[in-house]
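The next block holds one structure in the form of structure tokens; read it before the comments.
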Amino acid sequence: MRKLTYAQAILEATDQCLANDDSVYIIGLGVTDPKGVFGTTLGLEKKYGKRAMDMPVAENGMTGIAIGSSLVGMRPILTHQRVDFMILSLDQIINNAAKWHYMFGGKLKVPLVIRLLIGRGWGQGPQHSQNLNSIFAFVPGLKVVMPATAYDAKGLLISAIEDDNPVIFIEHRWLYGISDNVPEKMYREPLGKARIIEKGKDVTIISSSYMVLEAMRAGKILKKYGIGAEVLDLRSIRPLDEESIIRSVKKTGRLVVVDGAWRSFGISAEVIALVAEKGCGMLKSAPRRITFPDTPTPTSPALAKYYYPRAIDIVNSVRSMFGFPEKTEEGAGMVSNIPLDVPDKTFTGPF
Amino acid sequence: MKINKKISLSLYYQLLRIRMVEERIAGLYPEQEMRCPVHLCIGQEGVAAGVCANLDKRDYVLSNHRSHGHFLAKGGDLKAMMAEIYGKASGCSRSKGGSMHLIDLSAGFLGSTPIVAGVIPVAVGVALGTSMKKEKKVTVCFFGDAATEEGVFSESLNFASLKKLPVIFICENNLYSVYSPLSVRQPKDRDNLAIAMGYGVRAEKGDGNDVASVYQITKKAVREARRGKGPSFLQFDTYRYREHCGHNFDHELNYRTTNEYDHWFKRCPLDNFERKLIRQGILDKDYIGRVREKIGNEIDGAIKFAKGSLLPEKEEVFSDIYAP
Ligand SMILES: Cc1ncc(C[n+]2csc(CCOP(=O)(O)OP(=O)(O)O)c2C)c(N)n1
């Protein structure tokens with residue numbers, strides 16, 4: 001099968017939805033510029049004219065405008081190059097998009113997709129690298145999707161666009177260049193269904209978005225130590241696939257939740273609370289969370305290297321559950337000479 | 001009105017210093033030791049220099065992502081700025097912020113942030129605070145053309161006018177928001193001056209590449225603010241030479257034409273002012289050489305300081321989250 005990058009998969013999904021349905025349109029800063037939102041919107045204006053638009057730098061107003069258009073039958077996709085910018089539109093998202101259907105007794109719907117980017121590295125610092133996934137997931141009426149692979153990016157984006165509810169679609173900058181088998185046809189992956197990436201019987205590692213890659217790396221290392229990790233990619237954090245989570249934890253009896261976001265009040269807290277409520281007694285050891293520390297992102301790479309958790313942290317967390325001592329990265333055979341603030345060697349900054 | 005020799009020379013010095021600092025950053029950036037985004041203001045120095053020449057140390061300035069020039073023109077410490085860009089503990093924000101988050105309290109530079117327009121209401125609040133405390137200070141807020149599209153811009157003008165606050169809004173119109181030209185963001189006959197005046201804010205427009213005219217237009221606004229006459233909105237048209245973020249030129253992207261670029265390049269705020277002062281007999285080659293050398297040495301010192309400074313320790317990740 002043909003390989004596409006995560007960015008190409010998003011572009012293809014958007015292209016097919018625009019072709020398939022005249023009511024779909026895409027709007028956002030830079031949608032029509034030469035970089036095309038990290039390559040995810042390139043060529044759309046040429047093909048679809050006004051249904052691919054740049055916009056004023058006015059996030060809150062533009063969100064309300066997108067919502068309004070959806071009330072009368074359009075299906076807008078609104079993009080933001082960083083989540084930090086769309087915080088300006090929380091009023092429209094939380095007060096209007098998430099509520100309209102409910103507060104008018106189901107008479108209208110808001111089929112809106114808001115694509116936004118999270119990420120890290122190269123000194124992005126406190127206002128350019130936040131991951132606010134749980135803020136959105138907290139709000140009833142919103143769906144929140146966080147694909148980790150190119151395959152899922154395409155299938156989930158198509159489902160999100162076709163969904164009749166507001167969907168917050170979170171993309172990680174470090175995933176854009178990663179390729180994967182992606183079918184050419186239009187296909188759909190269900191919102192609210194997790195995926196087991198790796199089967200295992202000793203411990204369940206739950207993660208989403210970019211952290212799935214770190215969890216997979218950790219899973220491989222753990223195998224060397226005779227520990228079978230079941231790696232679960234949540235894919236959607238709202239709705240949360242409670243069934244798959246419980247089923248896996250029941251099987252393994254051990255739980256590590258990995259979230260590329262802050263610790264307190266976050267997804268990791270939610271997943272552990274769920275397991276505590278619904279599966280009382282099935283855990284053989286205390287659950288662990290691996291997250292960013294509860295501090296804003298520092299800019300200096302000297303500090304950022306202590307900020308972002310990596311596979312080795314997952315490995316050690318699991319090893320400690322089994323009473324094994326900590327390993328260094330070298331000790332675990334994970335030496336990498338790529339600096340910690342860039343996605344790969346070819347990257348020379350700035351984003 | 002002709003400006004006197006002393007002011008002309010100091011404007012020239014500021015322009016040249018900002019340009020030389022920025023060019024040096026552009027030269028060193030490929031070494032990849034400055035591991036944070038940099039938004040260079042090469043081509044736009046006239047606004048920073050012309051505006052800040054009217055301010056005293058006691059006055060306040062706030063700014064956006066493209067703030068190196070504003071910081072330097074207000075008297076911000078160059079060494080601390082370079083160390084911040086190099087991610088060192090000795091940086092002005094103790095390496096927590098990087099190029100997009102500069103601060104120097106002793107110079108009245110209260111901070112710069114990259115969320116478009118985010119700092120505009122903050123500046124209005126600073127002016128509210130100083131006026132409530134009956135301090136005779138003026139607050140200046142720098143932002144780009146894109147910031148005038150945000151809701152807080154209008155909300156801020158409204159309140160500043162309502163309370164007649166001593167704040168000056170400086171819009172540096174460089175025609176682009178990243179790669180998006182004004183034409184995809186604002187209607188053709190939109191007039192920011194009329195918008196500001198609609199809120200009862202006095203407004204004026206000027207050539208941002210003519211530092212003397214920026215100086216004079218701002219002078220009036222500062223005088224009005226000091227007299228308690230309320231806010232002003234000043235728009236200066238100018239142009240950025242390099243890419244939006246980073247040290248390169250970006251001609252290959254073709255989002256702006258070579259004609260347009262050449263037009264603005266010919267109107268370089270530094271070269272034109274230099275030529276003018278030479279014609280007026282205020283400057284000569286010898287003097288320019290000496291000034292260049294002096295600034296060059298200062299920059300060498302700042303780079304040396306930054307490169308030689310220590311990286312922050314791990315505990316620093318957890319410091320400064322809450323005030324003690
Ligand atoms: C609220 C918000 N939206 C979008 C961005 C992304 N962004 C960074 S700089 C920029 C362009 C700003 O243009 P302008 O204010 O005119 O300043 P210039 O960069 O041209 O100096 C944009 C859109 C942002 N930082 N903040």
Side-chain angles (χ1 to χ4, degrees), chain A residues 27-37 45 53-64 81-82 84-89 91-92 121-130 292-308 339-342 347-351, chain B residues 29-30 32 34-39 84-89 91 93-101 113-118 144-153 177-181 184-186 243 245-247 250 252-255 310-321:
Chain A
I27 184 164
L29 293 178
V31 158
T32 60
D33 81 21
K35 298 261 175 94
V37 193
E45 186 186 27
M53 282 180 260
D54 207 323
M55 70 176 208
V57 187
E59 289 81 2
N60 198 28
M62 292 311 302
T63 305
Q81 309 236 18
R82 277 179 182 67
D84 316 70
F85 310 157
M86 67 89 86
I87 307 174
L88 271 68
S89 52
D91 165 46
Q92 286 295 333
W122 204 261
Q124 296 295 300
Q127 294 187 333
H128 270 58
S129 54
Q130 302 174 80
F292 297 173
D294 285 334
T295 94
T297 316
T299 296
S300 175
L303 296 178
K305 79 174 173 221
Y306 302 116
Y307 189 80
Y308 295 105
L340 299 174
D341 58 347
V342 295
F347 186 84
T348 58
F351 275 109
Chain B
Y29 200 68
Q32 297 192 40
M34 306 174 191
R35 300 183 83 88
C36 66
V38 289
H39 300 80
E84 187 60 35
I85 300 176
Y86 274 93
K88 300 300 178 74
S93 303
R94 298 182 41 214
S95 85
K96 301 290 183 58
S99 159
M100 302 194 293
H101 301 276
T113 67
I115 301 297
V116 169
D145 43 286
T148 68
E149 290 150 25
E150 294 282 12
V152 284
F153 170 67
S177 163
V178 190
Y179 314 114
S180 303
V184 300
R185 299 180 286 120
Q186 299 183 11
E243 60 189 339
C245 178
H247 68 287
D250 58 7
E252 76 288 354
L253 293 175
N254 289 319
Y255 69 100
L310 295 176
L311 289 167
E313 302 284 342
K314 182 176 180 179
E315 306 75 65
E316 289 280 314
V317 173
F318 303 96
S319 65
D320 304 325
I321 303 170

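Within every chain, numbering begins at 1; the chains are lettered A, B, ... in the order of the sequence lines, protein sequences first and strands thereafter. Model, not experiment: these values are computed from the prediction.
Ranked by heavy-atom pairs under 4.5 Å with chain A, the list B/Ala146, B/Gly98, B/Pro114 is led by B/Pro114.
When heavy atoms are compared at a cutoff of 4.5 Å, A/Asp84 approaches chain B by way of both its backbone and its side chain. Heavy atoms closer than 4.5 Å to chain B are found in the side chain of A/Leu88, but not in its backbone. Looking at B/Glu150, the atoms closer than 4.5 Å to chain A (heavy atoms on both sides) sit in the backbone and in the side chain alike. With a 4.5 angstrom heavy-atom cutoff, B/Thr113 touches chain A via backbone and side-chain atoms both. Interface remark: A/Phe292 contributes no atoms to any contact with chain B (heavy atom separation under 4.5 Å). Heavy atoms of B/Ser177 lying under 4.5 Å from chain A belong exclusively to its side chain. Looking at A/Thr32, neither its backbone nor its side chain comes within 4.5 Å of chain B, counting heavy atoms on both sides.
No more than 12 heavy-atom neighbours from other residues, nucleotides or ligands sit within 6.0 angstrom of CD on B/Glu313.
With respect to B/Arg94 and B/Asp320, a salt bridge is recorded, a charged nitrogen being found less than 4.0 Å from a carboxylate O.
A/Gln81 is linked by a side chain to side chain contact (heavy atoms under 4.5 Å, CB included) to A/Val37, A/Phe38, A/Phe85, counting only residues two or more places apart in sequence or in another chain. Applying the side chain to side chain contact (heavy atoms under 4.5 Å, CB included) test to A/Asp33 and every residue at least two apart in sequence or in another chain returns A/Lys35, B/Tyr179.
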